[in-house]
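Take a look at the structure set out below.
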Number of protein chains: 2
Amino acid sequence: MKYSDYKKLLKNHHLRITDCRIDVLEKFHSTDHALSFKDLEDELSDYDRVTLYRTLNSFIDQGLLHRIPNDSGMAAYGLCREDCTEEEHHHDHVHFKCNLCGHVECLPNYHTPVIDLPNYDIEESYLILNGVCKNCKEELQPVS
Amino acid sequence: MKYSDYKKLLKNHHLRITDCRIDVLEKFHSTDHALSFKDLEDELSDYDRVTLYRTLNSFIDQGLLHRIPNDSGMAAYGLCREDCTEEEHHHDHVHFKCNLCGHVECLPNYHTPVIDLPNYDIEESYLILNGVCKNCKEELQPVS
DNA sequence: ATATTTATGCAACTTAATTGCATTCTGCTT
DNA sequence: AAGCAGAATGCAATTAAGTTGCATAAATAT
Ligand SMILES: [Mn+2]
Ligand SMILES: [Mn+2]
Ligand SMILES: [Zn+2]
Ligand SMILES: [Zn+2]
């Protein structure tokens, strides 16, 4: 994706075009896994921490990112590839966290199961898988 | 459950018997939902916060409690009713969090789905449902 | 070009959780 | 029952994630 595409993306989500937002967007679009705040802070150290936090929050508000909670408490953030908007996010995909490399991945092709709980109203469901990712598995047992 | 039962429980899990541990254990056994650190702090305010934190952590280490992560970052803790030990926890039940009262419940009768991801090793899975719990639903629409 | 609105950086603050250490308590041995 | 070693507790201090207020800078609207 190129600069003008990021500008369009920001405009479509009612966000002003700024250097920080472009750079953050670029980071997310040039990786295959979700990013944590720390990932961003490390790679975009010329921006203030507060600005990065506010950037993440405005992206979530406007439907560009979704927050992926995990056991450790330090959330990861994943790109919304579905058409999420300011009004609402709609995610029903599964997430995977690798116990070796720590990467969190969105699995858009796997949907969270629909479970019926008698006498309860279910509004959302989060399914998070843990284990060893493809990359780490290959490193452990290289293809023969 | 009575005092001597709690003592046995602690002994079985290789934990010394102390007032704090008995009281914490009692709290968990006399409620139907998971408890947060704050819940404990509010109800057991004669113990130092640090002691409560350490109690929770030792209970998790020894297989008496499991940590239930959630979106907000403030974890809930649920009783291990299966036979978890110092060596390993084994939980495959679903969790529910009510968006109205905030309570987190363990659903031991509902198991997390088994999902096969080609080229990945899945070791654990967490399924968390969100919505309105039975109690809150009844309060909204009393039975006619 | 100018005005209006929004974003940024910095410092200070909040909140959750952890660590070090002196003191007290528990379980075990005499 | 007394004494001991290891473990738990309380308190103060610290770490770490995240937020808030405000002056300044930048982006969009007119
Ligand atoms: Mn995702
Ligand atoms: Mn549970
Ligand atoms: Zn991995
Ligand atoms: Zn409820």
Value in whole Å for how far the P atom of C:dG27 lies from CZ of B:Arg21: 10 Å
Looking at OG of A:Ser45 and CG of A:Leu40, how far apart are the two atoms once the value is rounded to the nearest 0.5 Å? 11.5 Å
What does the B/S/- profile of nucleotides 17-23 of chain C look like, 5' to 3', with a 4.0 Å heavy-atom cutoff to protein? BBBB---
Is it true that B:Asp23 and B:Lys27 make a salt bridge, defined as a side-chain N closer than 4.0 Å to a carboxylate O? no
Determine, for B:Asp121 against A:Lys137, whether the closest basic-nitrogen to carboxylate-oxygen distance falls under 4.0 angstrom. yes
For the pair made of NZ in B:Lys7 and C1' in C:dG27, what is the distance, rounded to whole Å? 11 Å
Counting only non-hydrogen atoms, which of residues 10-19 of chain A are less than 4.0 Å from DNA chain C? A:Arg16, A:Thr18
Would you say the side chains of A:Ser58 and A:Asp61 form a donor-acceptor pair under 3.5 Å? no
Provide, to the nearest angstrom, the distance between the CG atom belonging to B:Asp46 and the P atom belonging to D:dA8. 19 Å
In whole angstrom, what separates B:Gln62's CD from D:dA7's C1'? 13 Å
Hey, would you say the B:His66 and B:His95 ring centroids sit under 6.0 Å apart? yes
Nearest-Å distance for atom pair CG/C1', residues B:Asp23 and D:dA8: 15 Å
To the nearest Å, how far apart are B:Leu52 CG and D:dA8 P? 15 Å
Quick note, ring-ring contact (aromatic ring centres under 6.0 Å, His included) partners involving residues 29-53 of chain A, not counting sequence neighbours, are A:Tyr6-A:His29, A:His33-A:His103, A:Phe37-A:Tyr53
Interatomic distance, A:Leu56 CG vs C:dT8 C1' [rounded to whole Å]: 15 Å
